[in-house]
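Have a look at the structure below, then the notes.
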Amino acid sequence: MSGRDLSRISFLVADDNEFSRNLVRTILEALRVRGLKEARDGAEALEILRHDPVDMVLCDYEMKPMSGLDFIQAVRSAQDMPRV
């Protein structure tokens with residue numbers, strides 16, 4: 001499908017909507033992405049990043065209880081968090 005090799009890039013998909021997560025996962029799998037993690041909200045995404053850093057995060061802006069903007073601010077301000 002793509003001329004690019006994405007198999008070495010790890011992704012985290014953070015979205016509170018299951019359908020949206022499934023759609024993004026399907027697209028990434030079609031692009032042969034292997035390192036794929038999913039989070040149901042910003043808090044879960046933060047927990048995943050603390051234990052298993054990724055190369056790229058695809059994050060919904062309007063999540064509850066922690067929005068995408070709150071998630072990004074938490075990542076940027078955390079001392080023990082890898083830069084995404």
Side-chain angles (χ1 to χ4, degrees):
M1 180 175 199
S2 170
R4 306 274 186 227
D5 180 12
L6 301 178
S7 64
R8 294 183 186 182
I9 300 174
S10 58
F11 285 81
L12 170 60
V13 177
D15 197 319
D16 59 347
N17 183 292
E18 184 177 5
F19 177 81
S20 295
R21 281 194 321 272
N22 289 339
L23 179 63
V24 172
R25 182 181 65 239
T26 299
I27 292 168
L28 291 173
E29 287 173 347
L31 294 170
R32 297 190 177 123
V33 168
R34 294 176 193 239
L36 180 58
K37 295 166 185 47
E38 296 180 39
R40 292 173 291 216
D41 60 42
E44 186 177 359
L46 281 175
E47 193 60 29
I48 290 170
L49 286 181
R50 281 192 177 92
H51 300 289
D52 197 6
V54 298
D55 298 311
M56 185 168 297
V57 175
L58 301 174
C59 180
D60 182 16
Y61 185 80
E62 293 185 24
M63 291 185 289
K64 292 187 180 184
M66 177 184 256
S67 73
L69 182 59
D70 291 338
F71 164 75
I72 291 169
Q73 289 172 339
V75 169
R76 287 182 175 176
S77 67
Q79 297 297 320
D80 63 339
M81 189 69 59
R83 295 291 180 226
V84 178

> Same cluster for Met63 and Ile48 if Ile/Leu/Val/Met/Phe/Trp/Tyr side chains link at under 4.5 Å?
Replying inline: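 Met63 does not cluster with Ile48.
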>> Let me check something: do Leu69 and Met66 share a hydrophobic cluster, defined by ILVMFWY side-chain heavy atoms less than 4.5 Å apart, either directly or through other members?
In response: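 No; Met66 is not reachable from Leu69 via cluster members.
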Nearest-0.5 Å distance, [atom1] of residue [X] to [atom2] of residue [Y]:
X	Y	atom1	atom2	value
Leu46	Ile72	CG	CD1	10.5 Å
Asn17	Asp41	CG	CG	13.0 Å
Glu44	Lys37	CD	NZ	12.5 Å
Glu62	Asp15	CD	CG	10.5 Å
Leu31	Leu36	CG	CG	11.0 Å
Glu38	Leu58	CD	CG	11.0 Å

> Counting only N and O atoms by type, is there a donor-acceptor contact under 3.5 Å from the side chain of Arg34 to the main-chain atoms of Ser7?
Replying inline: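 No, because the side chain of Arg34 does not come within donor-acceptor range (under 3.5 Å) of the backbone of Ser7.
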Would you say the side chain of [Y] lies within less than 4.5 Å of the side chain of [X], judging by non-hydrogen atoms?
X	Y	value
Leu12	Leu49	yes
Arg25	Val13	no
Val33	Ile9	no

Contact summary for [X] and [Y], nearest pair of heavy atoms:
X	Y	value
Asp16	Lys64	OD2-N, 3.3 Å
Cys59	Phe71	SG-CD2, 3.8 Å
Ala14	Ala45	CB-CB, 3.9 Å
Ser67	Asp70	OG-N, 3.1 Å

